[in-house]
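Read the structure below first, then the notes.
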Amino acid sequence: MPFSFGTALSGLRASSDSLSVSGNNIANSNTTAFKSSDISFADVFTSSTGVRLNGAGSAVQVGNGVRVAATHTNFNQGTLNDTGITTNAAIEGKGYFVVADAGGKTAYTRAGDFTLDRSGYIVTPNGYRLQGYAAVNGIITPGAAITTLKVPLGETLAPVVTTQATLRLNLNASDPAAAVFHAPVQVYDTRGAVHTLDMTFTKQADGSWNMQATMDGNAAQTMVDGGAASAAPVNFTFDSNGRLTSPTTLSIIPDQTKLNGAALPAVAINLRQPGVAGAPGAANITSYSAPSGVASIDQDGFAAGDLTGISMSSDRTGLVEAVFSNGQRRPLGQIALASFNDENGLQRLGNNLYGETLSSGQPSVGIAGSGGRGDVVGSALEQSNVDLASEFTRLIVAQRSFQANSRVINAISQTLQDLLQVG
C-alpha cells in the first residue's frame, strides 16, 4: 500500500513539471527568438518479487510510477519581423550569433536585438558583445580569427578627390547652328570642397559640337587624345548614325589657383563604356534627333563625412557597414555564425543565451550561407516559435492528469481510512 502513494505522487510531480514547461512556453511567447520546449516521460523501474509468479511463470511486476525522461527544445524557425532598426539582425536558417562578455566568456544566441553601447561595441541587451570578422581598411581577410566587432564612433571619413566622371548625354542633331547646351557635373577637390564643372557645347554649322570647359565660372584647360593641355574648344564629331567618332579620350584640367590651397588634378571624362575583348565600348555621348539632355552623371569623388550609424548589407551575408553623412558606406566587419552537432545539448543560460556543453559538441564557426549555416537578415528580429494553441491544449491535458493523480491519492487515503475502521 505505501507504494501506491509514491506512484500517485510521481504522477503529480510529472504533471506539475508538464504544467511548468507549458507555462514557461506561454510566458515566453513574445520573447525574441525564444525556442519552445516539450516534455517526455518514462515509467519508473518496476519492482518484482521472485516468489510470485503468474501462470506463465513470469515474475509479477508492479510499476512505481512515472518520471520526466527529457525536455526537448523545438528549434524550428520563428517568424521574421521587420523592425526598421539598423542594429537588429535575425538568422533565417541554422546557426547562432556568437557573443562574449567583457571578460571573453563566449555564449550563443538567436536573438539579434543588438544596440550600440557608449564604446561602440554591438551588444545584446545584457551587455554581451557581438563577435565576427573585423575589416582592416575596409577589407575582410578570409580565414581571419573572430574578434569583437566595434564601431568607430565619431570617425570622420576623409574626402576623396574626383579623378573621373561619366556623363551619358545626347546633343540634339536637329538644333540649329549656334545652339548651346550645358552639361554640369559636381566634382570634389582634395579637401572635399564641391565645385561645378560645366561642359558647354555649341552647335557648329557642319553638325559637330564645340565644347568649352569651365569650373565655377573659371576657364579650364583640356587634354584631347593624350595631347598637350590647351584652352582651345574641343570639337565633338559624330557619324551618320549619331555615334561619337572623336575625340577618343578627354581630360579637363581646372585652374589650380582658384581652389583655395586645395588641388584638383585632371578629371578624365569617360566618353565610352568599357569595351569587351579589346573592342571599344558604346559611346556615352550621342547626337540623335532628340532633345539635348543628360541622362545620368557619375563621378568618383566625395566630400568628408561623419559616421551616422551602421547597417547590415542587403545580401544577407552579415556584412556590417558604417554609414557616413556623405552617403558613403564602409565595411566594418562580418558577423560570425556558429552551428552545433547537437542543438539539444546546448545549455540554456537565460537572457536568450545558450552555452556549449559536451553533449552539444564544439561549435563550427563561419560566415552566413556557408557550412549549412543560415542567412543574416538585417533590420529584423526572429519571433518566438511558441504555438499558443498547442500549448493551451497541453496545459489542459497536464491539468487533467494532475487532477486524476490527486483522485488516486484521495482513493488511497479513503482505503486506508476504511482499513483502520475494520474490526
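Only heavy atoms go into these numbers, but all of them, side chains included; no hydrogens, no water, no symmetry mates. None of the values given here were measured: they were computed from a predicted structure.
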Pair [X]-[Y], side-chain donor/acceptor within less than 3.5 Å:
X      : Y      : value
Asn74  : Asn76  : yes
Asp306 : Thr156 : yes
Asn344 : His72  : no
Gln131 : Thr148 : yes
Thr196 : Asp198 : no

- Could you pull out the closest heavy-atom pair between Met199 and Leu167, with the gap in Å? SD-CD1, 4.3 Å
Side chain of [X], backbone of [Y]: donor and acceptor closer than 3.5 Å?
X      : Y      : result
Thr83  : Ile85  : yes
Asn284 : Asn270 : yes
Asn170 : Tyr288 : yes
Asn241 : Arg243 : no
Thr162 : Asp300 : no
Asp225 : Thr249 : yes

- Item | Beyond-backbone contact of Leu319 with Ile140, side-chain heavy atoms, under 4.5 angstrom | yes
- Message: Using a 6.0 Å distance limit plus a 45 degree cone around the ring axis, check whether Lys150 lies over the aromatic ring of Tyr121.
- Response: yes
- Message: Determine whether the aromatic ring centres of residues Phe302 and Phe324 are separated by less than 6.0 angstrom.
- Response: no
- Query: Can the ring centres of Tyr354 and Tyr96 be said to be less than 6.0 Å apart?
  - Reply: yes
- Would Glu92 and Arg316 pass as an ion pair if we require N to O under 4.0 Å? yes
- Electrostatic pair Glu155:Arg330 at N-O distance under 4.0 angstrom: no
- Query: Knowing that exactly one of Ile122, Thr86, Val123 qualifies, which makes a side chain to side chain contact (heavy atoms under 4.5 Å, CB included) with Leu116?
  - Reply: Ile122
- Task: Have a look at Lys94 and tell me which of Gln77, Glu343, Arg373 forms a side chain to side chain contact (heavy atoms under 4.5 Å, CB included) with it.
- Result: Glu343
